[in-house]
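Remember, it's a predicted structure, so these values are computed and weren't measured experimentally.
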Amino acid sequence: MISGPMFAHHGGAQYDTKHAVTVTGNVTEYMFTNPHVQIHFDVKDDSGKSRNGLPETASRRGCSALAGTRRP
């Protein structure tokens with residue numbers, strides 16, 4: 001038996017890419033990880049209750065290209 005690395009990725013068909021959503025809040029954690037960079041944030045809903053969000057982001061390589069350089 002021979003094994004090797006496998007490459008796979010999920011599709012993005014479930015996302016509405018035609019309508020941007022803007023949120024305002026505080027970033028609570030930034031994780032420069034594989035397979036996607038994680039940006040945790042808190043926002044307030046219409047009732048004023050704090051809600052935590054975690055959007056789907058680009059890969060480390062994709063985020064590095066957008067940001068220029070990695071920042072701790």
Would the distance check show the side chain of D16 and the main-chain N or O of K18 forming a donor-acceptor pair, the cut-off being under 3.5 Å? yes

To the nearest 0.5 Å, what is the distance between CG on N52 and CG on N26?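 That separation rounds to 11.0 Å.
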
Which other residues belong to the hydrophobic cluster containing V43, where Ile, Leu, Val, Met, Phe, Trp and Tyr are joined when side-chain heavy atoms lie under 4.5 Å apart, directly or via other members?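 Answer for V43: V21, V23, F41.
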
Is M31 isolated, or which residues cluster with it under the ILVMFWY side-chain rule of less than 4.5 Å, directly or via members? none

What residues form a side chain to side chain contact (heavy atoms under 4.5 Å, CB included) with L54, not counting sequence neighbours? Q38, H40

Does anything in residues 31-50 pair up under salt bridge (charged side-chain N to carboxylate O under 4.0 Å, His left out), and if so which pairs, sequence neighbours excluded?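 Salt bridge (charged side-chain N to carboxylate O under 4.0 Å, His left out) check on residues 31-50 returns D45-R51.
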
